[in-house]
Amino acid sequence: MQLSTKILLGMSAGIIVGLIFNLLGGSDPDSPFLITWIVDNIFDVIGKIFVISLKLLVVPLVFFSLVCGSASMGEDIKMGQVAVKTVCLYLFTTAMAVSVALAIANVVDPGIGINTGSIDSINVKTAPSFKEVLIGIFPDNPFKAMVEGNMLQIIFFALLVGIAILKAGDHGQQVLKGCVSINDVIMKMVFMLINLAPYGVFCLLAKLFTKEGFDAIVNLALYFSTIVFVLCFHAVVIYSAVLYLFTRLNPLKLFINMRPAMLFAFSTSSSNATIPVTLSAARERLGADNSIASFTVPLGATVNMDGTAIMQGIATVFIAQAYGLELSMVQYLSVVATATLASIGTAGVPGVGLITLAMVLQQVGLPVEGIGLIIGVDRLLDMLRTVVNISGDGMVTTVVAHSEKRLNKDLFNTIKS
Ligand code: ASP
């Protein structure tokens, strides 16, 4: 059986088992002993080990593949040009996402008539300023950056090493050879891990659906379905349009070839943990050269969160409406700017969208406690928006690689199993 079919089967089986356990009382504090035991000691353990193993590969993979990528760019590609194009596309699609979300939320009015009741107060970190975000890109200690998994700093250091390798002549080439070999070994580890994915995703989803069920969705049906609609609209319409406009390639093939990464993103709710799979999909299935993909993919996992921005746009309108508050045009623009900026400095891990949402709400002066209204369905939405986040990374990678003539179109056009 093909691997992606196996992963899909693992996911479906996980959701079904989880829902059955949920119906049998798995989400209650006094749930049946056997269910609690299976969920806590089997699903939770295997699921956590699976995600930890993915994360284990992220830092070495990003570092070595980007060193190799930037060192092999040579004279014909200008790094600065690639960086500017990538960042502009990421920021443009994110700003677009939150704008569409705000517009549609104002038509659907998901928050009208919602009872705000008594909600616990929430502690909020303040949004980082642009200055802080900018300074935060530069590492003072590369090892600290790696230990902390600070993606922007790792990217910066890897680029620096790659460029120095290019300039260091023979010695540089020797270092490069070593990095290429290490990179190949890490990629082997990625493939080994991907083969275990069906079991990993089964356990992750079985645990999640045992705890969540669908009750929360029923209560927030309009909010939930508005977000799902805008997520689909953004991925299908906006991504397809941007891809076609710049490359004339068939968008359907983008989604089909990104399938393994999308399934991983759905199951782990983490763009960061999915980096190894997104990177391998970008190179082996979309046909983007490593010199481009090794830069755009890890950068996208941190900077590009269109799905998250969509949730934040709709959640802001929802909370304003629930509290009976009107937002001015300036506040709307502030939502767009804060949601876009907040996504730059935060890593793609589960639930981070809610933390940055708190910053957005505070910025426009809305009650941050309003997050309590939507928290119940956020775990499920997180899975869907992470899929959109990494699809955007794949789309931008394809566009940038195409513009630099580093895209293997035959590979892109071949539908893989
Ligand atoms: N889980 C998302 C990601 O990793 C971020 C979020 O929306 O919470 O991309």
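Order of listing sets the numbers, starting from 1, for every ligand and every atom in it.
Residue Val349 touches ligand 1 through its backbone alone, judged by heavy-atom distances below 4.0 Å. Within the 4.0 Å heavy-atom criterion, both parts of Ser271, backbone and side chain, lie near ligand 1. Heavy atoms of Asn389 found under 4.0 angstrom from ligand 1 belong exclusively to the side chain.
Scanning all protein heavy atoms for the shortest distance to atom 1 (N) of ligand 1 gives Asp382 OD1, 2.7 Å.
A salt bridge does not link Lys405 with Asp289: none of the charged nitrogens is closer than 4.0 Å to a carboxylate oxygen.
Residue contacts with ligand 1: Met305 is placed with no nitrogen or oxygen under 3.5 Å of a nitrogen or oxygen of the ligand (distance criterion only). Backbone and side-chain nitrogen or oxygen atoms of Arg385 are examined, and one is located within less than 3.5 angstrom of a nitrogen or oxygen of ligand 1.
Near Ser270, with a cut-off below 4.0 Å to any heavy atom, the atoms of ligand 1 are 4 (O). Counting the atoms of ligand 1 from 1 in the order shown, those under 4.0 Å from a heavy atom of Gly351 are 8 (O). Which parts of ligand 1 touch Val352 is read off a 4.0 Å heavy-atom cut-off, strictly below it: atoms 5 (C), 6 (C), 8 (O). Close contacts between ligand 1 and Thr308 involve ligand atoms 5 (C), 6 (C), 7 (O) [criterion: under 4.0 Å to a heavy atom].
In summary, the aromatic rings of Phe202 and Phe43 are positioned with their centroids under 6.0 Å apart. Between His402 and Phe246, a ring centre-to-centre spacing not shorter than 6.0 Å is recorded.
Using modelled atom types, one side-chain atom of Asn413 and one backbone atom of Lys409 make a donor-acceptor pair closer than 3.5 Å. The backbone N or O of Ser328 lies less than 3.5 Å from a partner atom in the side chain of Gln331, making a donor-acceptor pair.
Ranked by closest heavy atom to atom 6 (C) of ligand 1, the top entry among Gly353, Gly392, Ala273, Ser269 is Gly353.
No side-chain donor from either of Ser269 and Arg385 sits under 3.5 Å from a side-chain acceptor of the other. Asp306 and Tyr239 share a side-chain donor-acceptor pair at under 3.5 Å.
Figure legend: Arg248 and Tyr244 shown as a cation-pi pair, the cationic atom lying under 6.0 angstrom from the six-membered ring centre and within 45 degrees of its axis.
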